[in-house]
Amino acid sequence: MEGQDLPYVLIDHIGGKHGVYEDHVEFLEKHFHLITMTEYLENKKFLSKKIRAIYMWYHRPVINEELLQSLPNLKIVASSGVGIDHLDLKLISSYGVKVSNTPFVVSTDTADLGMALMLASSRRLVEGHQIAVSPDTEYFPADWLGAEVSGATLGIVGMGTIGYKVAERAKAFEMKILYHNRNRRNKEEESAVGAIYCKKIDDLLQQSDFVLLSVNLTPQTRKLIGKRELELMKPTATLINTSRGLVVDQDALVEALQNKVIKAAALDVTYPEPLPRDHPLLKLKNVIITPHIGSATKKTRRLMMENMMESIQAGLAGLPIPNEVLL
Ligand SMILES: O=CC(=O)O
C-alpha cells in the first residue's frame, strides 16, 4: 500500500513528553496514515469516517463515548503496555471495536526493574549515591548498613508473566520464593523456580522479607495492600510495587513507613503520577520512587510499537489479533 491508500490511524501527538516517539513515527508511517488528535479535531468531518484504528501510546488519546461515537469505522484500539485499567472494555466493545495490548514484550524489562528496585532499596543505592557525591558527608558512616537480598524470602503477589520472570531472577539470587496468585501455577513451573504457593496472601505477607506486587489493577486488586496487610508484614520487610499505584492504599503505606511498621518501599508506580511535590512519600528516606519505567528500554518500546502495528494490521484485515484483550 502506498500514500493515500494506507489505513488512517489516530494517534494523540508526536514527540514531547508523552507523544509517539519520532523514530517510531517514521516506521509507522510506512504502514499507516497517522492522524494526530489536533489534525483530527481540525478536520473532523472528513477524518471521522476515515479513521479505522487508534494507536494508543501510553494511555493517549483518552477513549471515551464521544470519541467512539465520532468514529463510525473504528475497528481496533491498540494499547501500549500490559495494563488495561485505563480502558473501558465494555464501552469499547459495545461499539464493535476490538482491543489489543502488548503484554509479552514488556515482561522482561519489568521483571528486571523489580529486581533493580529490590536491590537498590535493600542496599540503599540512592542514599549511597547521595553520600558519594556529597562533599560534606563522611564515607561509610557506621549506621549505614543495608539488608541482604541473597538468601532472603521474596513474596510475589501476582504470578503472571512478569511475576514468574521475577521468580526466575530471584532463583539466581538463591532467594526463598513464595507466591500468591488467583490460580496456582503447575508443579513443573513451581519447581523450575522453586516457588511455594501461598493460597492465603496473609501467609506470604507474614513470611516475606520482600513483597513484590505484580498484579493487574482490577476491582479485586484495588487497595489489595492496606493497613491490615502492612501490619501483617515483618517490620524488617520492604514493599516493591511495579504494577499500579492503586493496588496499595497509599495513605496506609505512608503511615506504615513513618511508624516503621515496615522497613521500606520501592515504588515504580504511585497515584497520582507524578506525586504532588509536597507528598509525604517524597520526604521519606526509606522510600525509592521511579517514574513508572517498567518497560522503559529502547528495545522494548520498539517491540511494543511493532506489536501494536501488527495488531492493527491484523484487526483491519479481519485476521486473529495478536494479544487481543477479551472482555
Ligand atoms: O505500566 C505499564 C504497562 O502497563 O505496561
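Along the sequence shown, residues are numbered consecutively beginning with 1. Please read all numbers here as calculations on a predicted model, not as lab measurements. These values consider heavy atoms only, across backbone and side chains, with no hydrogens, waters or symmetry-generated copies. Counting starts at 1 for both ligands and their atoms, in listed order.
- When hydrogens are left out, the protein atom nearest atom 5 (O) of ligand 1 is V82 N, 2.7 Å; that is the closest non-hydrogen contact.
- Taking only nitrogen or oxygen atoms, main chain and side chain alike, S80 does not reach within less than 3.5 Å of ligand 1.
- In terms of polar-atom proximity, V106 is not counted as a contact of ligand 1, lacking any N or O under 3.5 Å from an N or O of the ligand.
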Give the C-alpha distance, both sets of side-chain angles, the deciding distance and a yes or no for ring pair (Phe, Tyr, Trp, His ring centres under 6.0 Å) between W57 and H24. CA-CA 11 Å; W57 189 249; H24 289 187; 5.6 Å; yes
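- Residue contacts with ligand 1: G81 is placed with no nitrogen or oxygen under 3.5 Å of a nitrogen or oxygen of the ligand (distance criterion only).
- Residue H292 places at least one N or O, backbone or side chain, under 3.5 Å from an N or O of ligand 1.
- Between the OH atom in Y58 and the NE2 atom in H18 there is a gap of 12.0 Å [rounded to 0.5 Å].
- The pair D202-R228 counts as a salt bridge, with a side-chain nitrogen and a carboxylate oxygen less than 4.0 angstrom apart.
- The pair E148-R123 does not meet the salt-bridge criterion, since no charged nitrogen lies less than 4.0 angstrom from a carboxylate oxygen.
- D249 is linked by a salt bridge (Lys or Arg N to Asp or Glu O under 4.0 Å) to nothing, counting only residues two or more places apart in sequence or in another chain.
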